[in-house]
**Student:** 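Quick one: the structure is below, questions incoming.
Proteins get letters first, then strands, A, B, ... in listed order; numbering begins at 1 in each. Just so you know, these numbers come straight off a predicted model, no measurement behind them.
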Protein chains: 2
Amino acid sequence: MTDRKKRRKPGETREKLMESALTLVGKGRHYASLGIREVTRQAGVVPTSFYRNFRNMDDLGLELVDQLGLVLRRMMREARINVVQADERLIEESVDIFIRHVEANRDFFFFMAQGLAGESRAVQDGIRSEMRYFATELANDLRRMGVMSHLGDADLELTCDLVVRTVAFSFTDLLGVSPDDDAQIQQIRDRTTRFLQLIFIGAEHWESGRKAKEGV
Amino acid sequence: MTDRKKRRKPGETREKLMESALTLVGKGRHYASLGIREVTRQAGVVPTSFYRNFRNMDDLGLELVDQLGLVLRRMMREARINVVQADERLIEESVDIFIRHVEANRDFFFFMAQGLAGESRAVQDGIRSEMRYFATELANDLRRMGVMSHLGDADLELTCDLVVRTVAFSFTDLLGVSPDDDAQIQQIRDRTTRFLQLIFIGAEHWESGRKAKEGV
DNA sequence: TCTCTGTGTGTACATTCGTTCACAGAATGT
DNA sequence: ACATTCTGTGAACGAATGTACACACAGAGA
């Protein structure tokens with residue numbers, strides 16, 4: 001009651017609203033079922049304030065997709081720094097970084113998993129676009145590291161796409177378990193690692209295998 | 001206004017309600033955002049009727065999961081009939097059947113894709129359980145056909161799990177395109193086929209590859 | 001210093017929601 | 001034939017929702 005009604009910083013309420021939406025999603029609510037009043041309530045702000053910052057919930061969702069893009073880029077950067085040499089630990093280290101980021105940005109990845117089959121087409125496309133970008137960057141990195149050099153560009157891109165999808169699907173596993181159920185998280189980590197190993201082994205033998213299938 | 005208020009058949013309204021929920025989902029709405037009144041309105045029934053048949057929307061969702069199970073089993077049966085010999089067309093034929101069923105039961109698969117990251121934990125687990133069952137059956141079939149006979153049970157199950165996940169992720173691709181955009185559907189079909197080929201090639205070389213990774 | 005613009009507040013209203021209740025007509029078992 | 005049970009109806013409620021409007025106050029530019 002002392003400092004209410006003050007304007008702290010430009011964009012402060014805006015961030016608070018986005019954060020509140022994410023928090024609700026993190027608590028198990030689905031983004032599509034969130035209402036304007038609900039979000040403003042969680043943010044400790046009057047409903048009208050919402051319209052000062054967003055036109056509707058879809059608008060807010062698109063902003064969240066942008067921020068999600070930043071999170072993904074941070075994750076990619078860390079992976080690039082820590083995983084430089086292409087040895088047999090490449091996959092495991094990358095999965096570790098992935099799991100760590102999911103735990104640190106739990107709500108964002110909740111939102112991402114929901115958005116893939118969400119209500120707003122725009123959000124859906126946005127997330128899909130982020131995944132494409134991620135796959136492309138992954139392909140570039142692998143090229144740079146000299147991994148899978150026998151694959152053509154299209155085939156490498158195909159492989160990376162499958163990798164990203166597989167990892168993305170692991171969200172839905174990860175999100176189902178409590179954040180401190182280490183045993184179960186370890187199990188998901190192992191399983192994801194094996195999935196990726198399976199894919200990479202397939203990619204290693206891809207050309208020949210593909211020719212064999214197509215030749216007949 | 002002639003025959004209103006008649007009770008047609010037991011469970012008729014019940015089916016109409018489930019069908020209406022699916023229809024709304026098929027129109028792009030997210031299941032989590034559907035309300036009781038909305039569903040009953042779509043079904044051409046008074047809101048109160050809902051409670052005669054379901055306790056709440058989660059309850060209806062669980063029934064839908066059960067029906068989804070039937071759809072999946074039908075799909076599996078057709079695949080078993082039409083894909084008997086394990087030749088190089090196995091994957092393509094299976095993907096064909098899969099695509100055909102998704103198109104024929106569009107709304108169900110919408111619901112499934114949404115439910116994986118949905119609001120109701122019970123529905124989430126139900127869908128997850130259906131996927132596990134599907135993967136197990138797939139593993140049995142492959143065993144019976146003598147495919148991947150060099151893999152241990154655990155590794156075969158791992159492979160099938162990845163296959164099911166990959167196919168499930170293709171839903172979200174398929175659902176984004178118009179049902180009669182044949183060119184795009186064909187593209188998704190091809191891409192999915194290649195994903196599976198990649199996985200199976202990986203599985204073929206799995207033991208050796210795994211040992212090589214683990215041995216060092 | 002003064003004005004203007006941006007941002008948050010409070011009030012308000014029509015609409016929609018979930019849920020309850022008493023009632024009516026068809027089906028079912030005896 | 002009759003009582004019971006099952007299923008759908010209509011009206012009604014209190015609560016929550018989206019959105020509009022007028023107002024208040026802080027900071028930026030003159």
**Student:** Whether B:R194 and A:D161 form a salt bridge (side-chain N of Lys/Arg under 4.0 Å from carboxylate O of Asp/Glu) is what I want to check.
**Tutor:** no
**Student:** Can you name the closest pair of heavy atoms from A:R128 and A:L116 and give their distance?
**Tutor:**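 That closest heavy-atom pairing would be NH2-O, 3.9 Å.
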**Student:** Closest-nucleotide mapping onto DNA chain D: is A:G35 or B:S49 further toward the 5' terminus? I mean the 5' end.
**Tutor:**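 Nearest-nucleotide comparison on DNA chain D picks B:S49.
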**Student:** Rounding to an integer number of Å, can you tell me how far A:L34 CG sits from D:dT17 P?
**Tutor:**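 Nearest whole value for this atom pair: 11 Å.
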**Student:** I need the CD1-P distance between B:I36 and D:dT17, as an integer number of Å.
**Tutor:**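 From B:I36 CD1 to D:dT17 P: 16 Å.
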**Student:** Ignoring backbone atoms, establish whether A:Y51 has a side-chain N or O less than 4.0 Å from OP1 or OP2 of D:dT19.
**Tutor:** yes
**Student:** Expressed in angstrom and rounded to an integer, what is the separation of B:N53 atom CG from D:dT9 atom P?
**Tutor:** 11 Å
**Student:** Fit a plane to each ring of B:F171 and B:F109, take the angle between them on a 0 to 90° scale, and name the class: parallel (under 30°), tilted (30 to 60°) or perpendicular (over 60°).
**Tutor:** perpendicular
**Student:** Mind calculating the distance between CZ (B:R14) and C1' (D:dC6) to the nearest angstrom?
**Tutor:** 14 Å
**Student:** Just compare C:dT9, C:dT19, D:dT19 and give me whichever is closest to any side-chain atom of B:R37.
**Tutor:** C:dT19
**Student:** Among A:F110, A:Y31, A:F111, which residue satisfies the side-chain contact (heavy atoms from CB on, under 4.5 Å) criterion with A:L22?
**Tutor:**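 Between A:L22 and the candidates, side-chain contact (heavy atoms from CB on, under 4.5 Å) is satisfied uniquely by A:F111.
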**Student:** Of all the nucleotides listed (C:dT19, D:dA16, D:dT19), which has the minimum atom distance to the side chain of A:R41?
**Tutor:**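 For the A:R41 side chain, the nearest candidate turns out to be D:dA16.
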**Student:** Please determine if a side-chain N or O atom of A:T48 lies less than 4.0 Å away from the OP1 or OP2 oxygen of D:dC21.
**Tutor:**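 So the side chain of A:T48 is outside the cut-off, no N or O lying under 4.0 Å from OP1 or OP2 of D:dC21.
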**Student:** Could you state the CZ-C1' distance from A:F54 to D:dG18, rounded to the nearest angstrom?
**Tutor:** 17 Å
**Student:** In whole Å, I'd like the distance from the CZ atom of A:F50 to the P atom of C:dT7.
**Tutor:**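 In whole Å, C:dT7 P and A:F50 CZ are 15 Å from each other.
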**Student:** Take atom CG of B:N56 and atom P of C:dT20, then tell me their distance rounded to the nearest Å.
**Tutor:**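 So the CG-P distance, B:N56 to C:dT20, works out to 11 Å.
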**Student:** Provide, to the nearest angstrom, the distance between the CD atom belonging to B:E38 and the P atom belonging to C:dT15.
**Tutor:**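 One finds 18 Å between P of C:dT15 and CD of B:E38, rounded.
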